[in-house]
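Here is the structure we will look at, set down as structure tokens.
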Amino acid sequence: MTAAPSQNPRPAKPGSAAAISFDQELCGLVLDTAPRLFAVVQVCGDGGADSDGWVVAWGLVDSDGPTHVVGIDGRTRMALASPEHAVRHFAWRPGITARLVWLAQPGAAAIDRADAA
């Protein structure tokens with residue numbers, strides 16, 4: 001799929017086979033280029049039964065770009081070289097470690113918001 005607009009003088013009408021095919025093509029493009037989503041989780045304890053953990057930030061990373069991290073409070077925003085750098089920013093308190101938890105790669109995309117829910 002090219003980034004240039006179509007030179008087709010007769011665009012497909014919504015609901016036609018060509019429009020549905022194009023929507024599917026767009027969904028495929030979105031899935032192919034979607035950034036990976038991860039959480040930065042702080043953990044108190046060694047990971048055993050008495051440990052506790054909580055999400056402190058969410059991050060996005062593209063395959064060839066920087067990592068963007070936003071704290072759950074909305075005040076912390078970072079652009080980092082890699083997701084692993086985010087761990088260092090949230091593991092500074094004694095007795096607290098930080099780790100990344102990756103969300104699974106998306107397997108579906110939808111044009112309509114209701115269909116994506």
Side-chain angles (χ1 to χ4, degrees):
M1 177 173 204
T2 63
S6 171
Q7 300 300 317
N8 185 352
R10 292 188 219 166
K13 294 178 183 173
S16 70
I20 293 169
S21 177
F22 181 69
D23 286 352
Q24 290 171 341
E25 188 175 343
L26 286 177
C27 288
L29 174 67
V30 167
L31 289 171
D32 290 345
T33 61
R36 293 291 315 272
L37 181 62
F38 64 91
V40 181
V41 178
Q42 285 183 326
V43 176
C44 179
D46 59 4
D50 294 334
S51 297
D52 195 11
W54 52 92
V55 175
V56 292
W58 287 98
L60 291 169
V61 63
D62 193 26
S63 61
D64 60 351
T67 298
H68 298 279
V69 178
V70 178
I72 60 167
D73 62 5
R75 295 182 302 187
T76 304
R77 296 177 185 271
M78 296 180 265
L80 305 166
S82 72
E84 291 73 23
H85 284 91
V87 171
R88 291 187 228 159
H89 289 278
F90 292 98
W92 52 270
R93 292 175 47 197
I96 303 290
T97 59
R99 62 177 75 165
L100 302 178
V101 177
W102 292 90
L103 270 66
Q105 190 74 10
I111 297 294
D112 296 319
R113 184 176 185 173
D115 293 341

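This structure is a prediction, so every number in the text was calculated from the model and none was measured.
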| task | Identify the residue among Val61, Leu60, Leu80 that makes a side chain to side chain contact (heavy atoms under 4.5 Å, CB included) with Val69. | result | Leu80

| request: Among Val56, Thr97, Ile96, find the one that has a side chain to side chain contact (heavy atoms under 4.5 Å, CB included) with Phe90. | output: Val56

| With sequence neighbours excluded, what pairs up with Trp92 under the side-chain contact (heavy atoms from CB on, under 4.5 Å) test? | none

| field | Pairing residues for Ala110 by the side-chain contact (heavy atoms from CB on, under 4.5 Å) criterion, not counting sequence neighbours | value | Asp115, Ala116

Would you give me the side-chain donor-acceptor pairs under 3.5 Å for residues 26-41, sequence neighbours excluded?
from	atom 1	to	atom 2	distance (Å)
Thr33	OG1	Leu29	O	2.9
Arg36	NE	Gln105	OE1	2.8
Arg36	NH2	Leu103	O	3.1

| task | Rounded to the nearest 0.5 Å, what's the gap from OG1 on Thr67 to CD on Glu84? Could you check? | result | 7.5 Å

| request: Hey, could you give me the OG1/NE2 distance between Thr76 and His89, rounded to the nearest 0.5 Å? | output: 10.5 Å

| request: List for me each residue that meets side-chain hydrogen bond (donor to acceptor under 3.5 Å, both in side chains) alongside Arg93, sequence neighbours excluded, and say none if there are none. | output: none

| task | With sequence neighbours excluded, tell me which residues meet side-chain hydrogen bond (donor to acceptor under 3.5 Å, both in side chains) with His85. | result | Ser82, Arg88

| task | Might you point out which heavy atoms bring Val70 and Arg77 nearest each other, and give the distance in Å? | result | CG2-NH1, 3.8 Å

| field | Residue pairs passing the ring pair (Phe, Tyr, Trp, His ring centres under 6.0 Å) test where at least one lies in residues 46-84, sequence neighbours excluded | value | none

| query | What residues form a salt bridge (charged side-chain N to carboxylate O under 4.0 Å, His left out) with Arg75, not counting sequence neighbours? | reply | Asp73

| Connected via hydrophobic side-chain network under 4.5 Å: Trp102 and Val55 | no

